[in-house]
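Everything below concerns the one structure shown next.
Just so it is clear: chains get the letters A, B, ... in the order the sequence lines come, proteins before strands, and each one is counted from 1.
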There are 2 protein chains.
Amino acid sequence: MRARPTLEKVAARAGVSRATASRVVNGSTRVAPQIREAVHRAVEELGYVPNQAARSLVTQRADSIALVFPEPATRVFSDDPTFAGIIRGVSLEIEEADKQLVLMLTGPDGSYHRVERYATNGHVDGVIVASMHGSDPLPGILTRRGVPVVCGGRPSVPGDLPYVDMDNAGGAERAVRHLVEQGRRRIATIAGPQDMIAGIDRLAGYRDVLRDSERRSIVAVGDFTRESGAIAMRQLLADDPDLDAVFVANDLMALGALRTLGQAGRTVPGDVAVIGFDDIPAAAYAEPPLTTVRQPTVEMGRRLARMVLNPEDRTPVVLPTELVVRESTRRS
Amino acid sequence: MRARPTLEKVAARAGVSRATASRVVNGSTRVAPQIREAVHRAVEELGYVPNQAARSLVTQRADSIALVFPEPATRVFSDDPTFAGIIRGVSLEIEEADKQLVLMLTGPDGSYHRVERYATNGHVDGVIVASMHGSDPLPGILTRRGVPVVCGGRPSVPGDLPYVDMDNAGGAERAVRHLVEQGRRRIATIAGPQDMIAGIDRLAGYRDVLRDSERRSIVAVGDFTRESGAIAMRQLLADDPDLDAVFVANDLMALGALRTLGQAGRTVPGDVAVIGFDDIPAAAYAEPPLTTVRQPTVEMGRRLARMVLNPEDRTPVVLPTELVVRESTRRS
DNA sequence: GATGCTCGTGAGAGCGCTCTCACGTGACTC
DNA sequence: GAGTCACGTGAGAGCGCTCTCACGAGCATC
C-alpha cells in the first residue's frame, strides 16, 4: 500500500502494454471495450492514481493555475469578503476543469519574484492576478514569459492584457444618481485608493454624476479599510458640516463612516444618506442596513478562471453591478 | 526565450557536467568556488528556472502542501474572517519554506474524493484539513495512505491525528465567568453546530461555568452564520424573556443576535449583555462594540503549516484564547 | 486474390532532473 | 615513496508517464 502502483503495474495486471493502459486512463476511445474494461478493473484493484509529475514532465502542462493576490489585496484580505467570493468562484470553475488552484498571497516585500519564478517554471498553466495595484508589473512580465495571465480588475496601464472587471463606474453612477434623485444636495464621497482601478473608477462615476447635476464634489480618500472610512468621514464632516449624503467606495469604509456619523450625532438616513459598494453580508446587517452596489464576486472568479483556462478568448469582460436599496438612503 | 533552458544547457554553457550544475543549483557546498560561480552566471544569463515536474519525478517530493476546507467551512467561508486568517498564516509559513499552497474548497457533494485522489498522487507533501466537520473521514484516509495530515481543530474522533486547536472551552469559560462576575443571573447561550468541535467545546465551557455557579442553562443552537444567530436569539427570547445575558459561540451569530435584541427593544448591555467569540474585525465595529474571545487565527495557520512541514513533531497544540472586553458587557 | 484502408495495439524514445557510483587528483600519513 | 584518504567531478541510470511510429489484423474495393 505504501508504494503507489505505476502504469506499468496496471498494464501488466491487465495484460496489455503500458501505452494501451495510458490510453484507457486518459479516456481515449480507440481502445477495444473488453480491454478498456480490463484496464479499468486493474486500476480499481490496484488503487492506481497517475503520477502528476511524470505526466507534467512529458505533456508540459501542469494542470493547475495560480491565483495571486498582490500585497494591497493581501492586506485587506482578512476582512473583505470580496476576495473570498473571488476565490470561491475561481475554485468552483477550476474544480470543474479538474485542475488545481495554487494560492499566492504576496507579502509586503518584493516577493513577487517568487511568483514570477514559480509561474515560469512550468508549474502552472496560467495565472490570475487579482485586484491589481494599478501598474503592477507582474502581468506584463509573465505574459512576456509566455504564461497566460488574466487580471481581476482592469489594468490601469492600457494594454492587451485580458481582464475581468466590475462595472465600477456604472455602479457608482447609479448610486450617486440615486442620491440626487432623493433630493440630496451636498453629496460627498469617500474614495478608495487611487492606485487601484476600483478606487479610480468609482470616484470617476461619482464625479460624472455630480458634474451633470451641478453639485460640487466633496472628496476624502481611504484605503478600503473600515478604519480609514471612519477617519475619512471625520474629515468630510469637518470640511462640510452640512453634507447630507455620502457615497463610499466600499462597504467596509461605509461601515466605518456609519460609526463616525453616529458618534457625531448625525442620523442615517435622516441627516445623512450613506451608500456603500460591494454588498458584503455585513452591509445588510448594519444599523441602519446599508444601501450599496452589489457586485458578482463569485461570477468574477468563475470568469477569471474560465478565461485563463481558454487562452484563445481574451476579450475583456465587464460584469454588471446592481444598486441594492436599503434603509441607509430611505427618505423619511 | 520561449523554450525554457534546461540544466543541460546551463551545464554546457558553464563547461561542466549536468551533475555539477545540479549540485550548484541545489546549493551543495561540495563544489569548487570558481565552478559554482560559473554555473551561477550561466543560470543568470540563460534565465534558467528548474523544472519542478522533473524534479518531483525523481525526488518524490512535490514541494507543495494542500489546505482543504471541507464543505461546512466552505459554506461560511465568504463571511468569516477566521478562515482568511488561517489562510494567511499558512501562506506565510509555506512561503518561508519556499513551498506552494494548494487551496481546495470541498463542495457540497462528496467531492472529497477529488482531494483524496489529488493528495495521494504525489502532488502534495502534506495536507492541512481545516475546521473539520466532526468525524470527517478524510484525515484518516489520507493518513492511512501515507500522506502527512494535520487538522485545524481537534478531531472529534480521538485518535493520533496531529492537530492545532484553539482553547475553545477555556475561552468560553472565561467569557461566561465574566458574565457571572458582572452579576448576570440568567445567562443563555447560542451554541454553534454540534458536529464541529468548536461548537461542542464552546458549549461545554458555557455549561461548566453555569453548573459551578448554579444557574440553569438556556440553550439555542445556530450554524455559525449571522442569520442563524438572529433566529436563535428570537427563540431564546421566547423561551426566557427575562434573560439578561447571552454567550454566543461566534461573532457572526452574535451580530445577528445583537440585531434581534435591538428589534425586540432590548438594550445592550443594559438589559442584556452579549459576548461573542472569534474577535473578527466587525466585532469592534458593532453597535455596541462586542465583547468577545480573541483567537489567534494567523498563528493557527502558521502552526498548522509548520506541523505538516515537520512531520516528526506531531504533538497536538492548543492555542490560548483571550477575553476582549468591550461595551456589550459593560455594567452601566 | 491483390490492393488499399482503417483501426487497435505495442515498442521505445525521451521529457528534465537527481543521485549513486566510480574515478582522478592532491594532501596527508608512516 | 607507497599507501590512505578525503574531495570534487562526470557518467549514466532511471523516476513514471505520453506519444509517435510501425505493425498486423480485419474489412471493403475492384
Side-chain angles (χ1 to χ4, degrees), chain A residues 2-40 42-43 46-64 98 117-118 120-125 146, chain B residues 2-40 42-43 46-64 98 117-118 120-125 146:
Chain A
R2 190 70 331 114
R4 286 184 293 103
T6 68
L7 234 208
E8 194 77 53
K9 296 271 203 325
V10 172
R13 180 164 194 125
V16 299
S17 74
R18 207 178 44 218
T20 300
S22 172
R23 277 189 269 264
V24 173
V25 169
N26 291 290
S28 164
T29 49
R30 323 169 93 35
V31 176
Q34 70 274 24
I35 288 196
R36 194 191 352 256
E37 236 349 280
V39 172
H40 276 142
V43 165
L46 296 171
Y48 171 75
V49 179
N51 179 313
Q52 186 58 40
R55 186 178 271 175
S56 290
L57 184 57
V58 41
T59 60
Q60 309 280 29
R61 281 178 291 102
D63 282 334
S64 69
D98 204 30
R117 260 183 75 89
Y118 183 69
T120 47
N121 81 351
H123 213 320
V124 134
D125 300 323
Chain B
R2 189 72 328 115
R4 286 185 296 100
T6 68
L7 233 209
E8 193 78 54
K9 296 272 203 321
V10 171
R13 181 167 194 121
V16 299
S17 74
R18 206 179 46 219
T20 299
S22 172
R23 278 188 269 263
V24 172
V25 168
N26 291 290
S28 163
T29 48
R30 320 170 97 33
V31 175
Q34 72 276 24
I35 290 197
R36 191 187 358 253
E37 237 348 281
V39 174
H40 275 142
V43 165
L46 295 171
Y48 171 75
V49 180
N51 179 314
Q52 186 60 38
R55 185 178 271 175
S56 290
L57 185 56
V58 38
T59 59
Q60 307 280 28
R61 280 179 291 102
D63 283 334
S64 69
D98 203 31
R117 262 184 73 88
Y118 182 69
T120 48
N121 81 351
H123 214 321
V124 132
D125 300 325

Determine the minimum heavy-atom distance between A/Leu7 and A/Ala21, stating which atoms define it. CD2-CB, 3.5 Å
Tell me which of B/Ala19 and A/Arg18 sits closer to the 5' end of DNA chain D, going by the nucleotide each one is nearest to. B/Ala19
Only counting residues at least two apart or in another chain, list the ones meeting side-chain contact (heavy atoms from CB on, under 4.5 Å) with B/Val43. B/Val10, B/Val25, B/Val39, B/Tyr48
Heavy-atom pair of closest approach, residues A/Ser56 and A/Ala62: OG-CA, 3.7 Å
For A/Glu37, salt bridge (charged side-chain N to carboxylate O under 4.0 Å, His left out) partners two or more places apart: none
Quick one: list whatever passes salt bridge (charged side-chain N to carboxylate O under 4.0 Å, His left out) with A/Arg23, sequence neighbours left out. none
Using the test salt bridge (charged side-chain N to carboxylate O under 4.0 Å, His left out), find all partners of A/Arg36 that sit at least two apart in sequence or belong to another chain. none
Run the side-chain contact (heavy atoms from CB on, under 4.5 Å) test against A/Asp98 and tell me which residues pass, sequence neighbours left out. B/Arg114
Residues at least two apart in sequence or cross-chain that pass side-chain hydrogen bond (donor to acceptor under 3.5 Å, both in side chains) with B/Ser64, listed by chain then number, are none
Collect all protein-nucleotide pairs involving nucleotides 5-9 of chain C in which both atoms are nitrogen or oxygen and the distance is under 3.5 Å.
unit_1 : atom_1 : unit_2  : atom_2 : d
C/dT9  : OP2    : A/Ala32 : N      : 2.8

Extract, from 5' to 3' on DNA chain D, the first and final nucleotides lying under 4.0 angstrom from some heavy atom of chain B. D/dC7 to D/dG16
Does A/Ala32 have any side-chain contact (heavy atoms from CB on, under 4.5 Å) partners at least two apart in sequence or in another chain, and if so, which? A/Gln34, A/Ile35
Rounding to 0.5 Å, atoms CZ (A/Arg55) and CG (B/Leu57) come to a distance of 13.0 Å
Looking at CG of A/Leu46 and NZ of A/Lys9, how far apart are the two atoms once the value is rounded to the nearest 0.5 Å? 9.0 Å
Those residues of residues 50-64 of chain B lying under 4.0 Å from DNA chain D by at least one heavy atom: B/Leu57, B/Val58, B/Gln60
Applied to residues 11-21 of chain A, the salt bridge (charged side-chain N to carboxylate O under 4.0 Å, His left out) test, sequence neighbours excluded, yields A/Glu8-A/Arg18, A/Arg13-A/Glu45
Return the angle between end axes of the helix from C/dG1-D/dC30 to C/dC30-D/dG1, with five pairs used per end and rounding to 10°. 40°
